[in-house]
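Report on one structure; see the data block that follows.
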Amino acid sequence: MLKTKYIKLCMNDAIIIVGDNMKYNKLVRDKIPDIIESDSKACVIDILNDEDYLTYLNNKLSEELNEYLESGDIEELADLEEVLRAILDVREVNYTTFEKIRLNKVEKRGAFKKKILLKEVSNNE
């Protein structure tokens, strides 16, 4: 009887080893299946519907943020940006519109350039 070992559980993503097989339930970049097959391995994939795709993208956003927070690696920010762009595509918001939304918030509420840390607010009564 094969023993199943759970290696990682992160939201809906799981990596499971069963014998010589690693089972994933994880959204991956478009070229990953080709990279796996070029390494003389086989993979099983599914194409998600938009609703499930958005759910997995949201999980991926959290995963990539955690990886950046743990490592501080700028490459993880690039991954965050890629996931962000995919979410915008699914939600049918082009990047130009998104940038206008961002700039509108900057105009109304500012950016984060002044390094302000809010410590306390009190009533002036």
Inset, instruction - Using side-chain contact (heavy atoms from CB on, under 4.5 Å) as the criterion, list what pairs up with S71, not counting sequence neighbours. - result: D73, E76
Inset, instruction - Under 4.5 Å between side-chain heavy atoms, chaining through other members, with only Ile, Leu, Val, Met, Phe, Trp and Tyr counted: pull out the rest of the cluster around I36, sorted by chain and number. - result: V28, I32, I35
Inset, instruction - Any chance you could pull the hydrophobic cluster mates of I116, using side-chain heavy atoms under 4.5 angstrom and chaining through other members? - result: none
Atom pairs and distances, donor-acceptor, side-chain atoms in residues 89-98, under 3.5 Å, two or more places apart:
{"from": "N94", "atom 1": "OD1", "to": "T96", "atom 2": "N", "distance (Å)": "3.1"}
{"from": "N94", "atom 1": "OD1", "to": "T97", "atom 2": "N", "distance (Å)": "2.6"}
{"from": "N94", "atom 1": "OD1", "to": "T97", "atom 2": "OG1", "distance (Å)": "2.9"}
{"from": "Y95", "atom 1": "OH", "to": "E81", "atom 2": "OE2", "distance (Å)": "2.8"}

Legend entry - Transitive ILVMFWY cluster of L117, excluding itself - 4.5 Å side-chain cut-off: none
Legend entry - Matching residue for Y56 among L61, L27, V83 - test: side-chain contact (heavy atoms from CB on, under 4.5 Å): L27
Inset, instruction - Taking side chain to side chain donor-acceptor pair (under 3.5 Å) as the test, write out the residues that go with E99, two or more places apart. - result: R102
Inset, instruction - Would you please name every residue forming a side-chain contact (heavy atoms from CB on, under 4.5 Å) with A111, sequence neighbours left out? - result: V106, K113
Legend entry - side-chain contact (heavy atoms from CB on, under 4.5 Å) partners of D50, counting only residues at least two apart: none
Inset, instruction - Quick one: which residue pairs count as a salt bridge (Lys or Arg N to Asp or Glu O under 4.0 Å) with a foot in residues 37-49, not counting sequence neighbours? - result: D39-K41
Inset, instruction - State plainly whether the residues K60 and D79 are in salt-bridge range, i.e. N to O under 4.0 Å. - result: no
Inset, instruction - Would you please name every residue forming a side-chain contact (heavy atoms from CB on, under 4.5 Å) with L69, sequence neighbours left out? - result: L65, N66
